[in-house]
Amino acid sequence: MGGIVFSRVRKAFGSFVAVKDLDLEIGAGEFVSLLGPSGCGKTTTLRMLAGLEFPTAGTIAIGGRVVNDVAPGKRNVAMVFQSYALYPHMTVGENIAYPLRKQGVARAEREARVRAVAETLQLGALLDRRPKQLSGGQQQRVALGRALVREPAAFLLDEPLSNLDAKLRAHMRAELIELHRRVGKTFVYVTHDQLEAMTMSDRIAVMHEGVLQQFAPPRVIYDQPANLTVAGFIGSPAMNVMDAELVAAAGGAVAANGLLRAPLAAPGGGAGGARTIRLGVRPEDVLLGAGPLSGRIRVVEPTGHETIVAFEAAGASFVARAAADFSGAPGETVPFDLRSARLHVFDGATGGRLELSGAGPISAA
Amino acid sequence: MPRLLRRILFNLFAWGVVLLVAFPLFWMIITSVKPQSELFRIPPTVWPETVTFEHYWRLIDETPFLVYMRNSLVLSFSTTFLVVVVATLGAHSLVRFRYPGRERIAQLVLFTYLLPSVVLILPLYLLMVWIGVANTIFSLVIAYTTFALPYALWLLRSFMQGIPDDLESAALVDGATRMEAFVDVILPQALPGIISTTIFTFILSWNEYLYALVLVNTDLARPLTTGVMTMLLGAFNIEWSLLMAAAVMMCVPLIILFAFLQSYLTRGFGAGGVKG
């Protein structure tokens, strides 16, 4: 129960296509995040799942049942809205009880279940309050309570933490992870915050302009981004990317540009002939202080536990994560190296990931 | 200027405005309880020397005032009910549902409101005759609806635009049907708007004169505005004391309506469950 399947789902608003031919299979009990910048189609996808939008084409199935024509209330899913959407004229207790009332649950059972949920979420003392008398964090809990009380097959959460302050957000993140473990139901979580997606999810679906870019566990998304879009969106600071030429060489290929020459190996076979590629490297894989390459420091940003250094080399901009005690100053020249085994290679035209990996030390051009 | 003086001046000004507005009302009430002999005395008496309710008795006893009153009540309540129901559902549709021409419809509605009502009297009269409802209260209900509805629609539309979509979506996901979501969630939120619309429509139909004059020519269907006019304004003589008594009694339903709805009007404001 509770598995969710999108098959070739498409959603158009007039001529604007919000979601393009989405195929997505979410396992029962899985915590999946839909991640992407605003306007990428993630909220539309969630709303289609909830039944608040109708797909233009394709089918959506929940627990093996196609729900395209099923009313939102009959899909056995609960949703937590970004705005919480608490009913302002009802008390906390009435808010939580509302889905049960609509299911026709008897009054005595309703009260018992509301009380039980309120206890788990520490809302017991607030049941007679109105939503506007609550803090943001408490309103958030009420919204969760209203979802929990139904014991649905799946929970849909639309950026539920984005209205909370940073400290409370970190706290609620931990609570959500625990909640998911406790109830063991499917969670579909929409967010534009990669930290939330990375920390909470079993798998992340990265979306961009209505197209699913990659659907994989957080580690894979980070270490093997499927394309430049994913690579650029995940990770903060973002991945450094530079143009390079791929030249065939003995045992593989060599990526070369005005800055460096990097030998590459193709685990899957031939690397192909000469062509334009994009070479990516994460800030933590840029090693400052020693190496064959050199750059000029532009900005130094100490954050306390590390220092973010922006510098230029051969006309390209780089960002590096350095140790907290990094001592360079803007304008100075700094030697650096790249971890060759952690180079990411993307097709210059399509931006797709090429199965090439760094092999051997990098040298200056 | 010292603060005390400023306060005193401000208060004097405020009371001056209040007196200016209230004086005609005060004079209306005073005149209605003066005996006929005292009405035109010079200098006028501010407080009547003898208080009498004979005009009220005469009004109720000797004139069709109560019939007019009943007509006005039936007319105003029916119009208000019809307009508020249609406008509430219509505004909800204009705000929530996506269909082609939605904005165009809203603009057209506003356009009809801009049309001077005098222009519509004759076509409406002919229409009433044609469908066979001329000279009835019902014809006035229809006529008043034609000009109260556009305004009511726009008023409620702007109210409904202020209600977050998420509230209705949440109710739908929670298992409500569209109608249940409307009744359980949208209506309570729109209540202040609905009450404003109610008051507006009621006053409009209670005070309307022109349409009533043209569309209805029988005492059986005549509302207070035209009824009092035809009854008390003869060619050579105006019965001022009766007119004042009638005016006082005409105000009573409006005062009751206000007193009853005012608390609702303020209660609904400022209730927000959605964090922006």
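All chains are named by letter (A, B, ...) in the order of the sequence lines, taking the proteins before the strands, and each is independently numbered beginning at 1.
- Contacts of R75(A) with chain B are absent, with no heavy-atom separation under 4.5 Å from either backbone or side chain.
- For the pair E209(A) and K20(A), the salt-bridge criterion is not met [side-chain N within less than 4.0 Å of a carboxylate O].
- For D165(B), no part lies near chain A; criterion is any non-hydrogen pair under 4.5 Å.
- With rounding to the nearest 0.5 Å, the separation of CZ in F138(B) from CG in L215(B) is 12.5 Å.
- Taking the six-membered ring for Trp and the full ring otherwise, Y189(A) and F155(A) have centroids separated by 6.0 Å or more.
- Heavy atoms of R98(B) lying under 4.5 Å from chain A belong exclusively to its side chain.
- Only the backbone of A78(A) has a heavy atom closer than 4.5 Å to any heavy atom of chain B.
- For E180(B), the parts lying under 4.5 angstrom from a heavy atom of chain A are both the backbone and the side chain.
- Classified by interplanar angle (parallel below 30°, tilted 30° to 60°, perpendicular above 60°), the ring pair Y211(B)/Y144(B) is perpendicular.
- Heavy atoms only, all atoms of each residue included: M90(A) and R130(A) are closest at O-CD, 3.7 Å.
- Contact annotation for Q140(A): neither backbone nor side-chain heavy atoms come within less than 4.5 Å of a heavy atom of chain B.
- Contacts with chain B were tallied for R47(A), R101(A), R150(A); R150(A) has the most, counting heavy-atom pairs under 4.5 Å.
- A cation-pi arrangement is present between R146(A) and Y87(A) under the rule of less than 6.0 angstrom and at most 45 degrees off the ring axis.
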